[in-house]
Amino acid sequence: MFDFPRIKLLAKENGLSITFICKKLNMAKTYFHDLEKTGRDIPDDKIKVIADILDTTPEYLRGET
């Protein structure tokens, strides 16, 4: 499961908004909220893009490291 607070923190540290990340993913700005609400995880292809945007790894975004 992805760690949304970690994604928000990294986005803020990089001067990026969650809306910006959602646009890069071609997703609605409520994408992360919807995932959290339903308990679904971010697909591997999207978590890789998010990690690239935030200059980190997918494992870090999932709270594995």
Side-chain angles (χ1 to χ4, degrees):
M1 178 60 85
F2 70 101
D3 187 342
F4 186 55
R6 188 173 281 191
I7 291 172
K8 285 180 18 180
L9 179 64
L10 282 174
K12 185 177 179 179
E13 288 175 356
N14 286 289
L16 304 172
S17 68
I18 295 301
T19 301
F20 173 81
I21 294 171
C22 289
K23 284 182 183 180
K24 288 290 194 179
L25 297 171
N26 293 319
M27 304 305 288
K29 64 181 179 180
T30 60
Y31 178 65
F32 292 105
H33 174 73
D34 294 343
L35 288 176
E36 280 189 314
K37 186 176 176 182
T38 60
R40 295 183 322 210
D41 202 4
I42 299 173
D44 288 338
D45 60 329
K46 291 191 183 340
I47 197 95
K48 175 67 174 127
V49 172
I50 296 166
D52 288 344
I53 292 168
L54 297 176
D55 195 30
T56 191
T57 64
E59 294 79 17
Y60 182 78
L61 295 180
R62 288 191 179 109
E64 296 170 359
T65 61

Side-chain heavy-atom pair Phe20, Asn14 within 4.5 angstrom cut-off: no
Sidechain-backbone polar pair: Thr30 side chain, His33 backbone, donor-acceptor under 3.5 Å: no
Lys/Arg-Asp/Glu bridge criterion (N-O < 4.0 Å) met for Asp52, Lys48: yes
Gap between atom CG of Asp55 and atom CD1 of Ile53 - 0.5 Å precision: 11.5 Å
Atom pair CZ/CG of Phe4 and Leu61 - distance to nearest 0.5 Å: 11.5 Å
Minimum heavy-atom distance between Arg6 and Thr65, given as atom pair plus value: NH1-O, 3.3 Å
Inter-residue atom distance Ile42.CD1 - Leu25.CG, 0.5 Å rounding: 8.0 Å
Considering all heavy atoms, the nearest Gly63-Asp3 contact: N-CB, 4.4 Å
Between CD1 on residue Ile21 and CD1 on residue Ile7, distance to nearest 0.5 Å: 7.0 Å
Reported CG-to-CD distance for the pair Leu54 and Glu13, which is rounded to 0.5 angstrom: 9.5 Å
Hphob cluster co-occupancy, Leu9 + Tyr31, side-chain heavy atoms under 4.5 angstrom: no
Least distance between heavy atoms, Asp41 atom then Arg62 atom: OD2-NE, 4.0 Å
